[in-house]
2 protein chains.
Amino acid sequence: MDEKAIKNSRRNFLKKGGVGLAAGVGTAAVGLTLGAAEAQAATFDAEYDIVVVGGGGGGLPAALFSRWHGNKVMVLEKAASLGGTSFKAAYWYWVPNNAAMKAAGMEDPKPDFLRYVARLTAPQYYDPSHPRFGLTEWEYAMCEAIYDSASPAAELLSQKGALPYRHVAPVPDYFAELEDKAKTGRVLFPKDGAASMSDGGQVATRTLSAAAKRDGVVIKTGHRVQRVIQNAKGAVIGVEALTDEGGILRVRARKGVIFATGGFTHDPELRKNFLNFPLYGGCAALSNEGDFIRISSTLGVQLRNMNHAWMCPISLEKAVARDGSMSGMFSNAGDSMILVNKYGKRVVDEKLQYNELAQKFFEWDGQKAEYPNLVLMSIWDQRSQDHSASSEYGRLIVPPGADDRHVIKGNTIEELVVGISARLKKYQGVIGGMRLSDDFVSNIKASITRFNDFAKTGKDLDFHRGDRVVEQLFNGDVKDEPSRKNATMWPLSDSGPYYAALVTGGTLDTKGGPKTSTDGKVLDNQDKPIPGLYGVGNCVASASGGAYWAGGATLGPILAFAYRAANAANAEPIKK
Amino acid sequence: MDEKAIKNSRRNFLKKGGVGLAAGVGTAAVGLTLGAAEAQAATFDAEYDIVVVGGGGGGLPAALFSRWHGNKVMVLEKAASLGGTSFKAAYWYWVPNNAAMKAAGMEDPKPDFLRYVARLTAPQYYDPSHPRFGLTEWEYAMCEAIYDSASPAAELLSQKGALPYRHVAPVPDYFAELEDKAKTGRVLFPKDGAASMSDGGQVATRTLSAAAKRDGVVIKTGHRVQRVIQNAKGAVIGVEALTDEGGILRVRARKGVIFATGGFTHDPELRKNFLNFPLYGGCAALSNEGDFIRISSTLGVQLRNMNHAWMCPISLEKAVARDGSMSGMFSNAGDSMILVNKYGKRVVDEKLQYNELAQKFFEWDGQKAEYPNLVLMSIWDQRSQDHSASSEYGRLIVPPGADDRHVIKGNTIEELVVGISARLKKYQGVIGGMRLSDDFVSNIKASITRFNDFAKTGKDLDFHRGDRVVEQLFNGDVKDEPSRKNATMWPLSDSGPYYAALVTGGTLDTKGGPKTSTDGKVLDNQDKPIPGLYGVGNCVASASGGAYWAGGATLGPILAFAYRAANAANAEPIKK
């Protein structure tokens, strides 16, 4: 079949499915909302009760929850395949007071949960004696919704066979040593995932998709929603999608439209104008280009939490290349490994959990007008190469046979530094001409000597590496050493070979978008719901501020809001 | 006259002026745009060629430029008086290649200007060999517009007697040591301002207002514009203002509406959701509450540069009190003065220029989940109190008789620390319960000893205090010491009394809003101008990113864009 034949075949397939395509208007841009008059005249190609936009970690559950109420449901996914960002995720999901905790007798009282999230979400307003612990009314209500609904959502998905899970009780919250009564126990993981818990996204996408197919959710990939269609009263009654063949599909939504289209990680302009970090991207699905920001820009919505992202260190080179397979560096592996900046100096605890570590790259030096840590060099020796290499969790120390184009090698420190300099030069147009300082070689040698002294005693007097329980979680494999005092540190060897990689800060995805109610209803600038319009996940405003409460603090809340939005959309009246 | 009589009198005054008031709808909220049908039916209370919203540093010049084209012009100002933020400003204005430079033979070639602004605006993309030096097309065009039009604007204002100036040739740019050919010479200042150049805002507001009155610009204070009125084609044909009496005034704008309503410094929700800093406010006019963000939220605009602000350290206590008279701490005065954090440690060059110093307060410690520098303590001794006190430039060391409620005193370090602790306790609900570390006293003594050693040699080995030329500009008065090696440092005394004040980071105002063309035309999400709608100043997107290029880099560009917007609005067709 040639390309045209394939297109015709697809058209016919769509037509057979009851979906007619309007004349192609492939240049139509995202972000226009039809005026009332136009909407009245719009003819629809298909009609469903609930249309879900996006088939990823928010969209598939929202579609299933909607379908299980008996609704006719369509999912429109922009990409060629399902899963979105969650497909690449480890897919831990953080579920407070979950059923498995209760069964195991682990307590997780609501006020303590709220105190913990408040402490991290609003550090400067946190007040344990305040009735909302310093959170705003909206933040507090949204966090209550997570506590109330994440577990019912997880249980329903499990009961229906759409997302069976196992309870990984020992995983600690990321700041378990702070005001956190349930320091462990909130993390669930797809049941059939690997022991290393890195492949949950593939498992979950498979089980969720299979359940959607089994239960009659209609799914169209390659359909990019570019407008909402409103009736004369402003209610959202459908969407218009551009198909990957350049056609237009207009779908009526009798009850409502649920957006779950992800954040704006891959729109450089939105990134630059909302996130106060000089970011090169992140590991969100490449289709996460902020569509809902543009689509909602005529609706009088309130954009909120636009300044924050779920953050993670990433390989500079993969980010610049927009490598769609890129994972965040969740685990900065190796014991005989350090991170240094362009001056050859350590600047951070290398084992800090990813969201916190990522922020270190963006510190501004107002004297020199530079980001001195914008690119950090990870440096390791043969020991870490031999004992800590892995292809999981975005580690930069990879095993033989894996893609190691990001790895720079040298038999001596001097040789390694020559290689690093050459590699930086390749990227000079996007790193402001950053180059290593003239005293880099002597500084990095001094940094290694100092680190090695710390490693021998097990005490990092500069950055306290390995002191916190969460740092063990991300340490990865290291060589067994009965004498070691700190599992995260070991002296770097006096002799080569040495290895290096360029690291910068990135996103998993962004956290901002239109403000919603606790039921996912998109609110207008008077805080009133726009009838028929819902949003869940990274395309709408998160109430977490800049906090990353725990592993799975992305997906757990998303399941809660998908569940609540589906319940609310189900209860909507039919709109004309 | 009782309150009611005053209101009636005002109503009558307005009616006499040809301005009828519609029935009061005092609860009408900002941010709704009338639908096409409503707009058609709207009756107007007054009609002008150009309506300028805001009577501050952008609005008054825009109104004058518009009037000098022969237009009938009205200014609607929300506050009770004119000047906005600029009234409180020193009102330096940064004008590249200005007429006085040319007259003095000081060269300022356009490519060099653009290279300098690019270096600071896009530090990670700056590339001297790139055709736009790493700036985006929009940023580059906007910066070109500043170069091209700031001087014509300044000259016209001067020639018309609206803003006579004097050239303060020796003032350096804030990063004059970087890629900056015209290291000095770009700063102009209102002609009749004080020798200390701190009172330019009062002088400029007076001369601009007088010119507006003289030349027939109609000005209404106490009028808060809350909506734009569009015709059936979407063109902006007027505005609706809420008067301070609760009435509604609808004004038709035959050619266009120019918004110059300032940023969102005083809207806590917008601040929190767009600026990635835990800010308590700033020294913008209290009326700068982000009105244009809300008003434009139904128009499909593109919000840009929302993550940045013109920044400045401020007194924590004045910020929390929303003290409308508060100035930014442009000058951190005193030689025997240091800033320390809650651990009693110096963390920054105290003489760093204000925009850069302010960012230090917001560094995040991802290990402790805290902002360790959110509140810094300024500590000084009797020497600095005697020789560096001043009421200008927001200095915290104030002379006898001035409001010194923010000053904490102690006869010994120990006594001072008791006072600081008590003061912090007062604010614990807004600083996350921050308190001094248990080893604060010993640490601050060690910090003073180390600083004193640096002061004796004139070399600050930790933070390079005083090494840059711009730091002298902000040093303020210090005691004459023929033997001194560094004008910014002198050892703190071994004996009290000692003084302290609580400092945090704040804004002068924010830098984000709808994107405009280089002529101030507000653009929709297809980059097309919304007919009849203009924006200048801090209510629209600045192309400067996070950079503060030089003193007056706020007002110089604002004059350029007011000039360009007025010229473009003058050329607009009359709209129905």
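Atoms considered below: every heavy atom in the structure, side chains included; atoms not considered: hydrogens, waters and symmetry mates. Chain identifiers are assigned alphabetically (A, B, ...) following the order of the sequence lines, protein sequences preceding nucleic acid strands; residue numbering begins at 1 within each chain.
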Heavy-atom distances under 4.5 Å only: say whether [X] touches chain A with side chain, backbone, both or neither.
| X | value |
| --- | --- |
| B:Gln359 | side chain |
| B:Asp127 | side chain |
| B:Arg304 | both |
| B:Val301 | backbone |
| B:Phe175 | side chain |
| B:Phe277 | side chain |
| B:His130 | neither |
| B:Leu357 | neither |
| B:Phe274 | both |
| B:Leu270 | side chain |

Below 4.5 Å from any heavy atom of chain B, which atoms of [X] appear? Answer side chain, backbone, both or neither.
| X | value |
| --- | --- |
| A:Phe362 | neither |
| A:Tyr125 | both |
| A:Ile293 | neither |
| A:Lys272 | both |

Are [X] and [Y], when compared by the centres of their aromatic rings, separated by less than 6.0 Å?
| X | Y | answer |
| --- | --- | --- |
| B:Trp549 | B:Tyr116 | no |
| B:Phe474 | B:Tyr354 | yes |
| A:Tyr174 | A:Tyr548 | yes |

I need the residue from [options] with the largest number of non-hydrogen atom pairs under 4.5 Å to chain B.
| options | answer |
| --- | --- |
| A:Glu370, A:Lys515, A:Gln302, A:His464 | A:His464 |
| A:Tyr371, A:Tyr126, A:Trp364 | A:Trp364 |
| A:Pro123, A:Gly546, A:Ser129, A:Ala122 | A:Pro123 |
| A:Gly134, A:Pro278, A:Gly512, A:Ala369 | A:Ala369 |

Sort out for me which of [options] touches chain A most, counting heavy-atom pairs under 4.5 Å.
| options | value |
| --- | --- |
| B:Gln367, B:Glu363, B:Arg468 | B:Gln367 |
| B:Gly429, B:Gly545, B:Ala547, B:Gly433 | B:Gly429 |
| B:Glu269, B:Gln428, B:Lys360, B:Gln353 | B:Glu269 |
| B:Asp349, B:Leu178, B:Leu120 | B:Asp349 |

Margin query: Before you tell me yes or no, could you show the steps for A:Thr507 and A:Trp310 under side-chain contact (heavy atoms from CB on, under 4.5 Å), namely the whole-Å CA-CA distance, both residues' side-chain angles and the distance that decides it to 0.1 Å?
Written below: CA-CA 6 Å; A:Thr507 69; A:Trp310 308 100; over 6 Å; no
Item to check | Test item: A:Arg115 side-chain N/O and A:Pro128 main-chain N/O as donor-acceptor pair under 3.5 Å | outcome: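 Side chain of A:Arg115 to backbone of A:Pro128: no pair is present.
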| Does the B:Thr298 side chain pair with the main chain of A:Leu299, one donor and one acceptor, at a distance under 3.5 Å? |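 Not at all, since once roles are kept as given, no pair shorter than 3.5 Å links the two residues.
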Determine the minimum heavy-atom distance between B:Ala358 and B:Met311, stating which atoms define it.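 Shortest heavy-atom separation between B:Ala358 and B:Met311 comes out as CB-CB, 3.8 Å.
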- request: Tell me, yes or no, whether the heavy-atom count around A:Lys345 atom NZ, taken from other residues, nucleotides or ligands under 6.0 Å, exceeds 12.
  value: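 12 or below, so no.
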Step by step, work out the side-chain contact (heavy atoms from CB on, under 4.5 Å) result for B:Asn305 and B:Val540.
CA-CA 9 Å; B:Asn305 214 43; B:Val540 293; over 6 Å; no
* Is the shortest distance from a Lys or Arg side-chain nitrogen in A:Asp291 or A:Arg227 to a carboxylate oxygen in the other one below 4.0 Å? ->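 The answer is no: the pair does not qualify as a salt bridge.
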### Message
With a 4.0 Å cut-off on N to O distance, would you call A:Arg465 and A:Glu471 a salt bridge?
### Response
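Result for this pair is no, no salt bridge flagged.
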Quiz item: Stepwise, does the side-chain contact (heavy atoms from CB on, under 4.5 Å) test hold for A:Tyr280 with B:Gln124?
Solution: CA-CA 10 Å; A:Tyr280 296 98; B:Gln124 75 277 27; 3.9 Å; yes
**Asked** Just checking, is any N or O donor in the side chain of B:Asn341 or B:Asn373 under 3.5 Å from an acceptor N or O on the other one?
**Response**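 B:Asn373 and B:Asn341 do have a side-chain donor-acceptor pair below 3.5 Å.
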